[in-house]
Structure formats: structure tokens, C-alpha cells
Amino acid sequence: MKKIIHTIIQNGWSSLLLLTIFFAFTTTSCKNNEGDGNGTPVIKYIRLTDPALADSTFTDVNPGTMIAVIGENLSGVMEVYINGQEISFNSTYSTPTSLIISVPYDEDFKLSGPNPELPAELRIVTNHGTAVFPLHVLSPGPSITRIAATYPLQPGDSITLIGANFYEIQHLYYTTDSVNVTQEITDYQINSDFEELTFAVGDQMTQDGWIILDCYTDDASIEFKPNGPKPIITNISSIMPVVGSEVTITGQNFIEVSNININGEFEVPGEDVTVSESFDELTFIMPQAPTHSGHITITSIGGTTEMEEIFYPIENVIIDYDGIGSFSWGTDPPFVADGINPPYVSTGNCIGAKGTIDSSNLFWWKQFINTAKWPSTDVIPSYTQISELELQFECYLELPMDGPVIQISMGHPNGTDTGGDPYFTLENYVPINSFTEESETGKWMQCCIPLTKLVEEKTWGEFLNNKISDELNFYINYSSLTQPTDIEIYVDNIRIMQTKQEEN
């Protein structure tokens, strides 16, 4: 990658500090030039205001950087322009030999990268003349997310790089070793948003390599595979989807998917998979439940990729209403979806609540009290931090929960302990799809709740030792009821999982 001078964006410099810097520039400049500053204005160079970096001069600068302009005859400044746009300045920080200004970084300031018609320069207008100096305000660096093409590729075929910030391109080339240029690409087209770059495959682009996009600010690269790139999996809508529900997987390079293998037990054929036009999302209907945990693999034109996350983690399930854990009591017993009424599909039994909350039952309405089978310390080590765990479950809302909420208690009954203190309980919960981060209706969705919201212990071992009971209870209420409200909710496949770690 290019080495660029990364300047310091200064926010909230104090007036005292600015004045100290200003007088330092004034003293130095006066020693070098005793003129009255009324001759032809000249800009000699630009440097940072940080005294420790005073020897670093440059013509490239990041938006938001405070800079010192050094020159001659700079008194009487009336206007200052960068990229042909007038910017504000403080005349207090102006002398015949220097001017301190800040490069704008707001959305209204136009950069020369996406606006090549703008002059990449600094222009200072005084009452006795104008000084101009080259100044390149850097645009955001490029990024390439994928290649859009029809595989396999032959010389002459058209391909398009998809990404962002394809500004001020210096070089575009193909390399087989990521170091030496195998073939320069000079004939290409960029769309008006600088997000798509199209060119023809060169005659030397016949083997695996890399495409390097070298822009003024930085460079970007992407692996090039003429026979098709290997699929990449980034996320899945649920790791334990209900049988018969839709599963969505996001990623890249889902090109000519031939099959999806589920935990090594069965396959979803390619003809049953729907892929987006950009090959970054696919969907299929979960045909059956695997009998053991494992991994999903996707096979496409570029090869086979395995999803890192465990799929169908049966060892982590605490209640499934089909033999793991159990339903103790509640207003509606478990049932199997009939395909005619909501939730239409289920993995064996599920639990639910349907009805109307009114003034007579607004607080103690419907509930399902369950007995959980907690994962052993072989599955979740006792030292595992509660902050690294979450309660996951599949949820189906037929109606929006606009007002009604759920109270969830774990490891104890509802109410207060023997000392009269209320148990630690999650209040006012509304199911949210962890995949879309929205509360959705008419579909099964995976919901995730940090375990820190349900238990007070610090580790999984402490919870197992301290729990009062094996209960995991859902209570539905509407304490601020204004009018009778219908509700319909279903739950299945309740489990304790380690939280997914975000990549740095």
C-alpha cells in the first residue's frame, strides 16, 4: 500500500495554543524576512502546525487538518479558497509570512477526487494580489468488494469491479504474484458513482492472480480467478431455523451454486436455491432438521466453502418442546403447526400465545413456564463469562408487538426471593430479528438476548451453582394498555450460545 502522510485532525484547539503556534511562526518568519508584506504574495510551502512536525512539508492533506501556510507578502488576506471553494479563516492568525487555516471536512466541501473539474490548489487573495499553491485534499481510499462477471473467463470477456471510491486512478493492472505487473490495464470505464469499473480481460490474464487498483490516495486489490472465485460466507439468518422456514445466507461469489450440504447429512440441490443478482445472498427453504450439530458447506463454480459457525447446535438447546427440556404449565400447551394457521411450520412442537389483552388481564395475561435442560460444562466451560453468552430462540410474530411486552426470568420463578427482593428479570422485551435488527411479522426469525440481561452471575459455572430452579419463563403483559390489543407469538428451539465475535 502507498505510504501517505497521515495528518492530525485537530478538534477544539484552544485559543492560547493557537496563539502560541502563531507567534512561533511569526518570530521565525520575521527573522527570515523583514519586508512589509505588501509585495506580490507568494506561498513557499505548507506544513503542519505541530512544532514537532515543523520540518514535514507537503502538498497532500486530509480533510479536517489544520495547516500552516508559509510564504511572503501574505498580509491583508481577504479570501481563501481550496478546491475553488471559499473557506473561512481567522485573520488573527495571519501575518505577512504565514497563515493558519483548517481544511474543511464537512459534507458540503467538495473533493477533487469525485469532482475532477475542481482545481486541486490553495488560493489566497490579499488586498494587493493573489497567491496560488498546489494542494491536494485527499479523497477516501478505494475498496473492491467483488468482481461481477460470467465465469469461466476468457481473454476479451467483460468484467466489472464493484466497490467504492474509484477516484483519481493512477494504475490498474493484473499480477500473478501481487508484486510484479503482469499486464497493465489501460482501457476501462468508470460509472458516475465511482463504484463500478469495467474492462476486458487481457490476453495474459489466464491464471489465478490479483487485480490491483492504484489510486492517488491509496490502492486496493482483489483476487482474480478466471475459473470462478471460491464462495465466501459472512452471515446466516439463523443457526437453527425452523423446518419449512426460509434461510438466508449472505457473503460473496455465490456463482452457479450446485448444492448446499447440511451438516454432512443431506443436501439442498442448486435448483432449490435462489441467488441474488449480485451473487452475495442466497435463500432456501429448510427441508428437514439434522440429527446432529455440524457445518453448512456451499459448493459453487469456484469451489466449496464451509461456514465457521456451528449449525443446529443441539448440545446447546435447553428447550425444544420435543424431548429437550419441557413445558411445565401455562395458558396454551405446545402444539405442531398445521400449515393452515400461524405459524404454519414448526420443527415438531412449538409454544405460543394468541388472544386479546384488555383491562381485565393486562398484567397477568398469558405465560409459558418451562423447565430447561442446561448445557453441561463440557459444552459451555464453567469459566465462560456470562458476558460472552446469549439466549437464542426462534420466534414468530403474526402481529406487531406495539405495546405488549415480554418478561423473561431464568433460573428462578417469577416474583421475589425469601428476603422480599425481586428476582433479576428481563423486563419490556420485544422480539427483534438478529439478522435484520428489526421486529418482523409473518416469518420465523432468530432472536438473541445477552445473558447479562437475564442473570447476575459472572460465569456459567456460577449460574449453574447459584440457580434456584431450572425455570425459563415467558410472561406477556401490557401494563400501559390504552385499548384491547390482539397478540400472537410463537417460540421454539431455545438455546444458550456463545456470542459471535466481531472480526477486527
Side-chain angles (χ1 to χ4, degrees), residues 236-245 247 262-266 285-296 309-339 341-354 366-382 384 389-396 406 408-413 431 434 444-449 451 454-455 460 463-464 467-476 489-498:
I236 188 169
S237 55
S238 173
I239 62 169
M240 207 164 187
V242 167
V243 173
S245 67
V247 182
I262 307 296
N263 294 5
E265 291 190 44
F266 57 89
I285 300 300
M286 190 67 187
Q288 64 188 75
T291 60
H292 59 77
S293 60
H295 295 273
I296 283 181
E309 272 190 284
I310 297 294
F311 190 68
Y312 255 75
I314 296 173
E315 298 84 358
N316 294 75
V317 175
I318 59 176
I319 305 164
D320 69 353
Y321 304 106
D322 291 297
I324 300 178
S326 62
F327 170 74
S328 298
W329 62 274
T331 49
D332 296 302
F335 69 99
V336 177
D338 59 11
N341 301 297
Y344 305 106
V345 294
S346 62
T347 306
N349 285 299
C350 64
I351 197 75
K354 176 182 178 181
K366 291 196 174 186
Q367 61 279 323
F368 21 102
I369 312 303
N370 308 290
T371 299
K373 179 184 178 182
W374 309 112
S376 70
T377 53
D378 291 334
V379 177
I380 301 177
S382 60
T384 304
L389 299 172
E390 63 186 12
L391 180 73
Q392 288 185 6
F393 56 93
E394 304 304 301
C395 181
Y396 183 104
I406 303 172
I408 304 176
S409 62
M410 176 175 161
H412 56 75
S434 62
W444 281 100
M445 57 184 177
Q446 175 178 278
C447 298
C448 303
I449 302 174
L451 219 58
L454 292 163
V455 300
W460 180 244
F463 168 75
L464 293 179
K467 61 182 175 63
I468 298 172
S469 70
D470 292 326
E471 293 180 53
L472 179 72
N473 304 327
F474 290 69
Y475 307 91
I476 303 169
I489 179 175
Y490 304 95
V491 172
D492 201 1
N493 292 346
I494 308 172
R495 52 204 183 265
I496 304 291
M497 299 297 302
Q498 289 197 315

Q.
Could you measure the distance from the CZ atom of F463 to the CD1 atom of I380? Nearest 0.5 Å is fine.
A. 10.0 Å
Q: Side-chain contact test, heavy atoms from C-beta onward, threshold under 4.5 Å: evaluate it for V455 versus K467 and give yes or no.
A: no
Q: Could I get the full list of salt bridge (charged side-chain N to carboxylate O under 4.0 Å, His left out) partners for E315, not counting sequence neighbours?
A: none
**Q.** I406 side, atom CD1; C395 side, atom SG - distance, nearest 0.5 Å
**A.** 6.0 Å
(Q) Please find the pair of heavy atoms, one from F368 and one from A353, that lie closest to each other, and give the distance. (A) CE2-CB, 4.3 Å
(Q) Do N493 and F393 make a side-chain contact, defined as non-hydrogen atoms from C-beta onward lying under 4.5 Å apart? (A) no
**Q.** Residues in side-chain hydrogen bond (donor to acceptor under 3.5 Å, both in side chains) contact with E390, at least two apart in sequence or another chain
**A.** Q392
(Q) Distance check, rounded to the nearest 0.5 Å: M410 atom CE versus F474 atom CZ? (A) 10.5 Å
Q: For P413 and N473, work out which heavy atoms get closest and say how close.
A: CA-ND2, 4.2 Å
Q) Just by distance, do the side chain of Q288 and the backbone of V243 share a donor-acceptor pair under 3.5 Å? A) no
(Q) How long is the straight-line distance from CD1 of I236 back to CZ of F311, given to the nearest 0.5 Å? (A) 5.0 Å
Q.
Are M497 and P313 packed together at the side-chain level, in the sense that at least one heavy-atom pair is separated by less than 4.5 angstrom?
A. yes
**Q.** By ring-ring contact (aromatic ring centres under 6.0 Å, His included) - contacts of Y321 (at least two apart)
**A.** none
Q: Decide yes or no on side-chain contact (heavy atoms from CB on, under 4.5 Å) for I489 and I476, but give the supporting numbers first.
A: CA-CA 10 Å; I489 179 175; I476 303 169; 3.6 Å; yes
Q) If you round to the nearest 0.5 Å, how far is CG of L389 from CG of L454? A) 11.0 Å
Q | Counterpart residues, side-chain contact (heavy atoms from CB on, under 4.5 Å), relative to P287 (two or more places apart) | A | F266, V268
Q. Between Q446 and I239, is any pair of side-chain heavy atoms under 4.5 Å apart?
A. yes
Q.
Could you walk me through whether S409 and E471 satisfy the side chain to side chain donor-acceptor pair (under 3.5 Å) test, starting with their C-alpha distance in whole Å, then the side-chain angles of each, then the deciding distance to 0.1 Å, before giving a yes or no?
A. CA-CA 8 Å; S409 62; E471 293 180 53; 5.7 Å; no
Q.
Are D492 and T347 packed together at the side-chain level, in the sense that at least one heavy-atom pair is separated by less than 4.5 angstrom?
A. yes
Q | Flag side-chain contact, heavy atom, 4.5 Å: P431 against M445 | A | yes
(Q) Quick check against the 3.5 Å criterion: does N263 have a side-chain atom that pairs as donor or acceptor with the backbone of H295? (A) yes
Q: Scan for side chain to side chain donor-acceptor pair (under 3.5 Å) pairs involving residues 372-381, sequence neighbours excluded, and state none if there are none.
A: W374-D470
(Q) Counting only heavy atoms not in K354 (residues, nucleotides, ligands), do more than 12 fall under 6.0 Å from its NZ? (A) no
**Q.** Any residue meeting side-chain contact (heavy atoms from CB on, under 4.5 Å) with S326, in chain and number order, not counting sequence neighbours
**A.** T371
Q. Partners of D332 by salt bridge (charged side-chain N to carboxylate O under 4.0 Å, His left out), sequence neighbours excluded?
A. K366
(Q) With side-chain contact (heavy atoms from CB on, under 4.5 Å) as the test, pick out the partner of P334 among V491, N370, I319, N349. (A) N349
Q. Is Y396 close to V242 at the side-chain level, that is, under 4.5 Å between some pair of heavy atoms?
A. no
Q.
Just to verify, what does F335 make a ring-ring contact (aromatic ring centres under 6.0 Å, His included) with, not counting sequence neighbours?
A. Y490
Q | Residue pair M240 / V317, side-chain heavy-atom distance below 4.5 Å | A | yes
Q) What pair of heavy atoms forms the shortest contact from Y312 to P241, and how long is it? A) OH-O, 2.5 Å
Q | Residues that S245 engages under side-chain hydrogen bond (donor to acceptor under 3.5 Å, both in side chains), provided they are two or more places apart | A | none
Q) Can you name the side-chain hydrogen bond (donor to acceptor under 3.5 Å, both in side chains) partners of S346, sequence neighbours left out? A) none
Q. What pairs with D322 under salt bridge (charged side-chain N to carboxylate O under 4.0 Å, His left out), at least two apart in sequence or on another chain?
A. none
**Q.** Pairwise distance CD1(I314) to CG(D320) - rounded to 0.5 angstrom
**A.** 8.5 Å
**Q.** Sequence-distant partners of H292, side-chain hydrogen bond (donor to acceptor under 3.5 Å, both in side chains), two or more places apart
**A.** E265
Q: Over all heavy atoms of both residues, which pair between I496 and N316 is shortest? Give the atoms and the distance, please.
A: O-ND2, 2.9 Å
